[in-house]
Amino acid sequence: MYTSGDTDSFREDNTAVSDKVITADGDQRQFSTDTDITYIHKVSKNGSVDLMYRVNYEDSKNDIYAYNLLLEEQDLTESRYETINNLKQSIGVKYSYNSGPGGNMFFVNLHGNRTDMRDQDRYPQQESRHRKFDYLSANFHFNKRSSASGFSIRGGYTRTTPNLEMFADKLNVSDVFNLRGGNPDLKLAGRGTFGANYNTRKGERYWNADLTATLNDQQIVSRRNYFSEQTYLPEYDYTAPKGSTLITYANAGTSVDVSLNAGMESYIVPLRSKFGISMSYNYSNPQTGIEQSVVRMQIHNPSLKANLASNFSEKFKFLANGETGVKNYTVESGEWENMVYGLLSAQVRWDIGWLTSNAEYRLDISRNSASAAFNQDSHLLNLSVGCFLFKNRNGRLMFSAYDVLDRNERYTSQLYADHVYSRWSRAYSSYFLVSFQLGINTGKT
């Protein structure tokens, strides 16, 4: 695949750090190709061995000539002449076993991987980077099924390759308020997963349970250091301006993510309805960077969900969903935050003769331990009424009113190691819509 395009731009910068008018003549191109070769050999009636080879190549160029109209000279910090070449190769073997429909299935994969990355940049000075990584990855899946139940386990391990900029030993000052420094000693991050699932059906009831666990090894985290005053950085021989942020990267320790879900669905035949209920618990202890240190967090999130879907008739349909839960955030410094939340939504559609109507309601409630100002009570009510048109009812004229209560506000909060991020949003206010729909069926296939 090949793509190209122009990235010309004009920008005026009159910040306290710089005063310049930049015109940029830019050109980008990218070429990529991906090839897979697989050989399959039957070793038994139900088993086979696959030999696989995959190669992926990417080549891109980003050429930007930035000119400062005030100084009448080239701006080297915003000019770019960067070429990137990535070559990824993978050799793998896979064993598969399948006893047939309704029986057992098993496969295991083992891959040897090599990633070769090269990066060259001409501005603000000539430099090149080259990294090569070799690593193994593997995964497996086992599934046992019968007419009424099923059980499966799955797992795997792989590594992720950072981009070359993260390994840079020089400071990137193309954006003076978002400085980026690399870490030449970064290591590949590893990710191991394990999961199990069990499901069974008894009459009109269906039960399901699932466990997923993830182990992150040498996780790469970004460390952010905000400078409230002009600060000299001796490791880069550079003075960071007031209000800027320095982003660097580091390998953290191990962290885990665990998710446990269990639920039941039941068909209520006399009411032509389906009812479902599920419980879940999620735990994670990710790490985040603050200044020159790495801080661990603890996140707990139990929740309960329920839903009801009813088709009492072709003319009357009802759908309801409910969810409640708690999110608890704790950082190593001892700071914590609890948020209790609830969600309730309902939808009703009712057709009477040539008339049709639809109503939707959604309620979001949350209570935050940090401050009562973060509490939320959001209501959203949409109403529609209309009629069918024409002899075969293939036309419809509708009048709709959205956000009738004019109380559709949303609030989200997230506790980080060094700050709390809170966001209030209002998607829209009340409005109305008149629409006409026409379905055309020629009767031909």
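The shown structure was predicted, so the numbers you read here are calculated from the model rather than taken from an experiment.
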What do the steps show when you test T212 against S259 for side chain to side chain donor-acceptor pair (under 3.5 Å), and what is the final call? CA-CA 5 Å; T212 301; S259 177; 5.6 Å; no
Could you walk me through whether N251 and L186 pass side-chain contact (heavy atoms from CB on, under 4.5 Å), step by step? CA-CA 6 Å; N251 287 107; L186 272 184; 3.4 Å; yes
Residues K274, E265; criterion side-chain contact (heavy atoms from CB on, under 4.5 Å); working and verdict: CA-CA 7 Å; K274 183 175 72 172; E265 290 184 350; 4.1 Å; yes
Checking side-chain contact (heavy atoms from CB on, under 4.5 Å) for the pair L304/I277: CA distance, chi angles, key distance, verdict? CA-CA 8 Å; L304 174 67; I277 185 170; 4.0 Å; yes
Kindly indicate, with the supporting measurements, whether the criterion side-chain contact (heavy atoms from CB on, under 4.5 Å) is fulfilled by E165 and N172. CA-CA 9 Å; E165 185 184 26; N172 186 331; 3.3 Å; yes
Begin from the C-alpha positions of R54 and D34 and carry the test salt bridge (charged side-chain N to carboxylate O under 4.0 Å, His left out) through to its verdict. CA-CA 7 Å; R54 181 176 185 177; D34 199 346; 2.6 Å; yes
Could you walk me through whether D377 and R367 pass salt bridge (charged side-chain N to carboxylate O under 4.0 Å, His left out), step by step? CA-CA 9 Å; D377 292 283; R367 296 294 181 266; 3.3 Å; yes
When you look at T33 and N56, which way does the side chain to side chain donor-acceptor pair (under 3.5 Å) test go after all the steps? CA-CA 6 Å; T33 180; N56 174 269; over 6 Å; no
Would you sort out whether N328 and N338 count as a side chain to side chain donor-acceptor pair (under 3.5 Å), showing the intermediate values? CA-CA 5 Å; N328 172 267; N338 274 334; 2.5 Å; yes
Verify side chain to side chain donor-acceptor pair (under 3.5 Å) between S310 and S273, making sure each step is shown before the conclusion. CA-CA 4 Å; S310 299; S273 303; 2.6 Å; yes
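Between the side chains of D27 and S4, no donor N or O sits under 3.5 Å from an acceptor N or O. A donor-acceptor contact closer than 3.5 angstrom is absent between the side chains of N311 and R272. Side chain to side chain, S255 and N285 fail the donor-acceptor criterion of an N or O pair below 3.5 Å. With 3.5 Å as the limit, one finds a donor-acceptor pair spanning the side chains of N216 and D257. Between the side chains of S384 and S400, a donor-acceptor pair is found at a separation under 3.5 Å. There is a side-chain donor-acceptor pair under 3.5 Å between S280 and S303. Residues H111 and S137 bring no donor and acceptor atom of their side chains to less than 3.5 Å of each other.
Taking both residues in full, the closest heavy atoms of M117 and P162 are given as CE-O, 3.4 Å, listed atom of the first, atom of the second, then distance. The nearest pair of heavy atoms linking Y236 to D169 is CE2-O, 4.4 Å. Of all the heavy atoms in D403 and N382, the pair that sits closest is N-OD1, 2.9 Å. Contact record, V176 with P241: O-CG, 3.5 Å, taken as the closest heavy-atom pair. Of all heavy-atom pairs spanning G150 and R145, the tightest one is CA-NH1, 3.9 Å. Between Y249 and N183, the shortest heavy-atom distance links the atoms O-ND2, 3.1 Å.
In this structure, the side chain of R114 does not engage the main chain of F133 through any donor-acceptor pair within 3.5 Å. A donor-acceptor pair under 3.5 Å is absent between the side-chain atoms of S244 and the main chain of K242, judged by distance alone. Although no hydrogens or angles enter the test, the distance criterion places a donor-acceptor pair under 3.5 Å between the side chain of N301 and the main chain of V326.
Judged by a 6.0 Å distance limit and a 45° cone about the ring axis, K327 is positioned over the six-membered ring of Y341.
Crowding of R29 atom CZ: a count of heavy atoms from other residues, nucleotides or ligands under 6.0 Å exceeding 12. In M279, the CE atom is not crowded: 12 or fewer heavy atoms of neighbouring residues, nucleotides or ligands sit closer than 6.0 Å. Dense packing is recorded around CZ of R159, with more than 12 heavy atoms of other residues, nucleotides or ligands lying under 6.0 Å away. No more than 12 heavy-atom neighbours from other residues, nucleotides or ligands sit within 6.0 angstrom of NZ on K45.
Proximity of F140 to I153: side-chain heavy atoms (C-beta onward) are separated by under 4.5 Å at one or more points. Contact annotation: the side chain of S44 never approaches that of K42 to less than 4.5 Å [non-hydrogen atoms, C-beta and beyond]. Using a 4.5 Å heavy-atom cutoff, the side chains of R191 and L215 are not in contact. With a 4.5 Å cut-off on side-chain heavy atoms, L87 and Q89 count as touching. A 4.5 Å side-chain heavy-atom check between V256 and Y283 finds at least one atom pair inside the cut-off. Contact of the F107 side chain with the D50 side chain is not registered, since no non-hydrogen atoms from C-beta on lie closer than 4.5 Å. Here the side chains of T239 and Q230 are in contact, with some heavy-atom distance below 4.5 Å. Side-chain contact check for V221 versus Q219: some heavy-atom pair is nearer than 4.5 Å.
Atom-to-atom distance recorded for M166:CE and S222:OG is 8.0 Å, nearest 0.5 angstrom. Here the CG atom belonging to N62 is positioned 4.5 Å from the CD atom belonging to Q28, to the nearest 0.5 angstrom. For the atom pair OH (Y135) and OG1 (T160), the distance works out to 8.0 Å, reported to the nearest 0.5 Å. Atoms NZ and CZ, on K170 and R129 in that order, are 10.0 Å from each other to the nearest 0.5 Å. Rounded to the nearest 0.5 Å, atoms OG (S278) and CG (N208) are 9.5 Å apart. T83 contributes atom OG1, which lies 10.5 Å from atom CG of D63 (distance to the nearest 0.5 angstrom).
Below 30°, between 30° and 60°, or above 60°: for F106 and Y95 the angle between ring planes is between 30° and 60°, a tilted geometry. Using bins of under 30°, 30° to 60° and over 60° for the plane-to-plane angle, the ring pair H300/Y281 lands in the tilted bin.
The aromatic ring centroids of F194 and F142 lie 6.0 Å or more from each other.
D364 has a carboxylate O that lies under 4.0 Å from a charged side-chain N of R362, or vice versa, which qualifies the two as a salt bridge. Contact check on D210 versus R154 returns a salt bridge, with a Lys/Arg side-chain nitrogen under 4.0 Å from an Asp/Glu carboxylate oxygen.
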